[in-house]
Amino acid sequence: MVYDGNADSENHKLKIKNLKSINFMAKTQGKVHSIISNLVLVKVEGPVSQNEICFIEENEERLMAEVIKVVGDLAYVQVFESTRGLKPGMPVEFQNHMLEVSLGPGLLSKNFDGLQNDLDKMTGVFLKRGEYTNPLEDDKKWSFTPLAQAGDQVKAADWLGNVKENWLDHKIMVPFKMEGTYTVVSVAAEGEYTIKDTIAVLKDEAGKEYPITMVQKWPVKVAIRNYVDKPRPFRQMETGVRVIDTMNPMLEGGTGFIPGPFGTGKTVLQHALARFADADVIIMAACGERANEVVEIFTEFPQLQDPRSGRSLYERTTIIANTSNMPVAAREASVYTAMTIGEYYRAMGMKVLLLADSTSRWAQALREMSNRMEELPGQDAFPMDLSAIISNFYARAGMVYLNNGKTGSVTFIGTVSPAGGNLKEPVTESTKKVARCFYALSQARADSKRYPAIDTLESYSKYLEYPEFVEYAKKNISDNWIADVNEARNMLVRGRETAEQIDILGDDGVPLDYHLIFWKSELIDFVILQQDAFDNIDGSTSMERQQYMLNMVLGVVRSSFDFDSFEEVNPYFKRIINGFKQMNYSEFQSDKFKKFEAEVNDIINERRK
């Protein structure tokens with residue numbers, strides 16, 4: 001049986017039953033048969049399951065590995081550590097469970113590796129092989145407030161109590177693995193408890209009692225599906241980034257990806273999304289990135305201020321780091337670990353933003369393992385089922401209705417690093433099929449310092465076509481919002497076309513109208529698309545302000561102007577653009593903002609017909 005986390009409901013239940021049953025089985029033993037880099041073939045002496053975890057014992061070290069294929073009495077396992085020094089005949093012990101993460105209070109403000117080891121607890125400068133740490137603090141006391149009462153009927157993912165994790169309400173839930181309905185026998189009184197203390201006792205229909213603690217375990221490759229319904233996204237997730245919110249909106253529980261070559265501003269854009277997006281919890285998955293980039297995340301995130309609370313952004317952030325020099329197999333684990341933690345917080349009714357950088361490195365890890373197992377290669381030697389793997393993973397994101405009627409969401413935005421900026425390579429193409437938003441970073445825009453360097457015309461948001469979002473936009477933004485956005489996009493298309501004509505024929509070789517169209521598109525570019533991520537005011541723009549500025553810019557676009565020659569167009573529009581940019585750097589509707597707005601209107605009226 002393959003635990004892919006995306007089978008139908010019956011298969012999902014069967015997986016959970018199997019997970020429960022194998023915990024009571026005797027542990028299967030085996031011996032190393034042969035070694036191919038970090039792929040080890042183990043001759044087993046009993047039953048093993050797909051994706052089961054095992055430990056290879058080498059002297060004093062125990063190396064964690066995962067079963068990825070079983071053929072007869074040979075289990076193919078991918079080792080999450082360096083396999084240097086392993087020899088045939090070494091003992092292997094299977095653990096009767098899949099790769100699991102510990103879920104409970106204390107996940108925020110932490111730096112984990114792909115296997116959920118707490119990196120801050122690791123000893124020494126370099127990671128030691130075979131060293132595994134507890135992700136949570138067993139002895140830390142949490143202030144618990146009960147939400148359920150004795151006699152209540154509950155089921156998996158129902159809320160039993162609440163603890164304060166930093167300043168967020170962390171819900172203590174009925175473990176996700178529990179099936180059926182249970183009766184609450186008792187709940188701990190309000191007070192301070194550790195994650196190992198029993199905070200509730202539940203009784204099933206047969207009268208058997210189960211003690212519940214604050215911590216539970218869940219296999220990372222099985223989706224957490226303890227919710228009532230999972231509708232299509234319809235509510236906009238405000239990011240504060242105008243080129244996203246206005247032109248290509250991301251919805252709550254939506255999916256998107258950002259491909260782009262080196263130096264086009266992916267990291268700064270991710271920081272902006274993490275700081276200003278309308279999310280309760282931020283999860284950063286650094287999957288296979290260079291160590292210096294991951295160090296930047298570790299050092300910069302604790303310094304970033306959360307504009308919502310005024311505290312450190314790090315207090316509602318979890319970082320999953322798996323650098324390019326760490327074992328290849330752990331890259332795959334890192335993205336699944338991040339998604340599982342995201343689903344856990346979603347079950348608390350929170351809005352989670354998961355940023356993965358970069359999914360290309362994850363796909364490269366899949367390619368390496370596929371090649372070592374001598375599977376039939378697909379395009380560029382990637383696995384034949386690459387599209388299905390990416391699709392299954394992206395499907396775990398989404399907005400859900402919980403058992404109590406509240407909503408929670410996981411919004412997933414991954415970056416893709418195509419070799420040479422080639423957007424036709426398999427990872428980009430496969431991701432395009434499943435992600436609803438595509439934000440293409442342009443080298444040309446980055447070179448001309450037009451940041452964020454998202455090419456609006458190459459990018460898209462399929463959510464603009466969703467009837468649910470059209471209705472949401474009419475109610476919450478304006479009746480004509482979608483039409484106005486399409487009008488601005490059409491002007492950008494016409495502007496690009498006229499720019500090409502002007503480049504070929506020269507300034508005096510085209511009609512005056514061409515210059516007007518070009519500069520109207522430049523006005524949209526400079527005022528709406530470009531943004532200063534390092535400015536306290538321009539760094540984030542509310543939807544109210546975005547609507548106001550777009551209406552004002554479109555007022556200029558729709559106007560006719562009186563010019564005698566093309567030479568008058570350039571300086572005139574530069575004055576308008578400069579006035580608008582001063583408005584962008586001013587507090588919305590402040591005296592300074594209104595002063596610049598009046599100046600812009602005066603300039604516009606100078607030549608408006």
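The structure displayed is predicted, hence computed values, not measured ones.
- Arg396 places no side-chain N or O within 3.5 Å of a backbone atom of Val410 that could act as its donor or acceptor partner.
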Would Arg62 and Glu57 count as a salt bridge (charged side-chain N to carboxylate O under 4.0 Å, His left out) if you check the C-alpha gap in whole Å, the side-chain angles of each, and the deciding distance to 0.1 Å? CA-CA 5 Å; Arg62 284 165 56 87; Glu57 298 179 13; 3.2 Å; yes
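- Looking at Glu332 and Lys221, a side-chain N of the basic residue comes within less than 4.0 Å of a carboxylate O on the acidic one, giving a salt bridge.
- Under the rule for a ring-ring contact (aromatic ring centres under 6.0 Å, His included), the partners of Tyr344 that lie at least two apart in sequence or sit in another chain are His170.
- Within the 4.5 Å cutoff, side-chain heavy atoms of Val335 are placed close to those of Phe393.
- Inter-residue side-chain proximity for Val40 and Thr83 is flagged as met; some heavy-atom pair is nearer than 4.5 Å.
- In this structure the side chain of Phe534 never reaches within 4.5 angstrom of the side chain of Tyr451, judged on heavy atoms.
- A side-chain donor from one of Arg372 and Ser37 sits under 3.5 Å from a side-chain acceptor of the other.
- The distance from the OG atom of Ser312 to the CD atom of Glu315 is 5.5 Å, given to the nearest 0.5 Å.
- With hydrogens and angles ignored, the 3.5 Å screen pairs a side-chain donor or acceptor of Glu165 with a backbone N or O of Gly106.
- The backbone N or O of Gly408 lies less than 3.5 Å from no partner atom in the side chain of Tyr401, so there is not a single donor-acceptor pair.
- Taking all atoms of both residues into account, the shortest heavy-atom contact from Asn51 to Glu66 is ND2-OE2, 3.2 Å.
- Atoms CG and CE, on Leu402 and Met173 in that order, are 9.0 Å from each other to the nearest 0.5 Å.
- Using a 4.5 Å heavy-atom cutoff, the side chains of Ile244 and Leu273 are in contact.
- In this view, Phe94 satisfies the ring-ring contact (aromatic ring centres under 6.0 Å, His included) rule with no residue, not counting sequence neighbours.
- In summary, the side chains of Asp152 and Tyr182 do not present any donor paired with an acceptor at a separation below 3.5 Å, with no hydrogens or angles considered.
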What's the verdict on side chain to side chain contact (heavy atoms under 4.5 Å, CB included) for Trp142 and Ile195, showing C-alpha distance, side-chain angles and the deciding distance? CA-CA 8 Å; Trp142 299 88; Ile195 59 173; 3.8 Å; yes
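- Side-chain atoms of Thr198 never come within 3.5 Å of backbone atoms of Ile212 as a donor-acceptor pair (strictly under, hydrogens ignored).
- Taking the side chain as every heavy atom from C-beta outward, Leu366 and Leu386 approach each other to under 4.5 Å.
- With hydrogens and angles disregarded, no donor-acceptor distance shorter than 3.5 Å links the side chain of Ser409 to the backbone of Thr411.
- The residues Arg275 and Asp306 are annotated as not salt-bridged, no charged nitrogen and carboxylate oxygen being separated by less than 4.0 angstrom.
- For the pair Glu137 and Lys121, the salt-bridge criterion is met [side-chain N within less than 4.0 Å of a carboxylate O].
- Here Asp280 does not pair with Lys351 in a salt bridge; the nearest charged N to carboxylate O distance is not below 4.0 Å.
- Of all non-hydrogen atoms in Pro233 and Leu251, the two that sit nearest each other are O-CD1, 3.5 Å.
- Once rounded to the nearest 0.5 Å, the distance linking OG1 of Thr255 with CG of Leu354 reads 11.5 Å.
- At least one donor-acceptor pair under 3.5 Å links the side chain of Gln216 to the backbone N or O of Phe176.
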Report the C-alpha separation of Gln149 and Val184 in whole Å, then their side-chain angles, then the decisive distance to 0.1 Å, and conclude whether the side chain to side chain contact (heavy atoms under 4.5 Å, CB included) test is met. CA-CA 7 Å; Gln149 297 177 346; Val184 179; over 6 Å; no
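- Put simply, the side chain of Asn404 does not reach to within 4.5 Å of the side chain of Asp158, judged on heavy atoms.
- Under the 3.5 Å distance criterion, with hydrogens and angles disregarded, a donor-acceptor pair is assigned to the side chains of Glu375 and Ser370.
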Could you give me the CA-CA distance, side-chain angles and deciding distance for Trp159 and Lys406, then say whether side chain to side chain contact (heavy atoms under 4.5 Å, CB included) is met? CA-CA 12 Å; Trp159 302 347; Lys406 297 185 183 298; 3.6 Å; yes
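- Between Asp113 and Asn322, the side chains place no donor N or O within less than 3.5 Å of an acceptor N or O (distance only, hydrogens not considered).
- Shown here for Ile172 and Thr213, the closest heavy-atom pair between the two residues is CG2-O, 4.1 Å.
- For the pair Ile282 and Arg316, the minimum side-chain heavy-atom distance is below 4.5 Å.
- Summarising the geometry, atom NZ belonging to Lys208 is positioned 12.5 Å from atom CG belonging to Leu202; distances are rounded to the nearest 0.5 Å.
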Determine, stepwise, if the pair Glu61 / Leu63 fulfils side chain to side chain contact (heavy atoms under 4.5 Å, CB included). CA-CA 6 Å; Glu61 295 176 335; Leu63 309 183; 4.3 Å; yes
side-chain hydrogen bond (donor to acceptor under 3.5 Å, both in side chains) between Asn166 and Ser109, intermediate numbers included: CA-CA 9 Å; Asn166 297 329; Ser109 305; 3.2 Å; yes
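- Of all the heavy atoms in Leu147 and Lys171, the pair that sits closest is CD1-CD, 3.9 Å.
- Counting non-hydrogen atoms of other residues, nucleotides and ligands closer than 6.0 Å to CG of Asn536 gives a total of 12 or fewer.
- A side-chain donor from one of Tyr210 and Asp204 sits under 3.5 Å from a side-chain acceptor of the other.
- In this structure, Asp197 contributes its side chain and Thr194 its backbone to a donor-acceptor pair below 3.5 Å.
- No donor-acceptor pair closer than 3.5 Å links the side chain of Tyr193 to the backbone N or O of Glu190.
- Residues passing the salt bridge (charged side-chain N to carboxylate O under 4.0 Å, His left out) test with Glu81, sequence neighbours excluded: none.
- Using a 4.0 Å cut-off between a side-chain N of Lys or Arg and a carboxylate O of Asp or Glu, Arg129 and Glu58 qualify as a salt bridge.
- Checking Thr415 against Asp357 by side-chain atom types alone, a donor-acceptor pair falls below 3.5 Å.
- Pairing each heavy atom of Pro219 with each of Thr340, the nearest pair is O-OG1, 4.5 Å.
- When atom types are taken as modelled, the side chain of Lys110 and the backbone of Ile320 share no donor-acceptor pair closer than 3.5 angstrom.
- Using a 4.5 Å heavy-atom threshold, the side chains of Pro175 and Lys217 count as separate.
- Proximity of a side-chain donor or acceptor of Gln116 to a complementary backbone N or O of Gly114 within less than 3.5 Å is not detected.
- When all heavy atoms of Ala156 and Asn403 are compared, the closest pair comes out as O-ND2, 3.2 Å.
- Here the CZ atom belonging to Arg367 is positioned 10.0 Å from the OG atom belonging to Ser360, to the nearest 0.5 angstrom.
- When the shell of 6.0 Å around NZ of Lys155 is examined, it contains 12 or fewer heavy atoms from other residues, nucleotides or ligands.
- With rounding to the nearest 0.5 angstrom, the CD1 atom of Ile258 is 8.0 Å from the OH atom of Tyr439.
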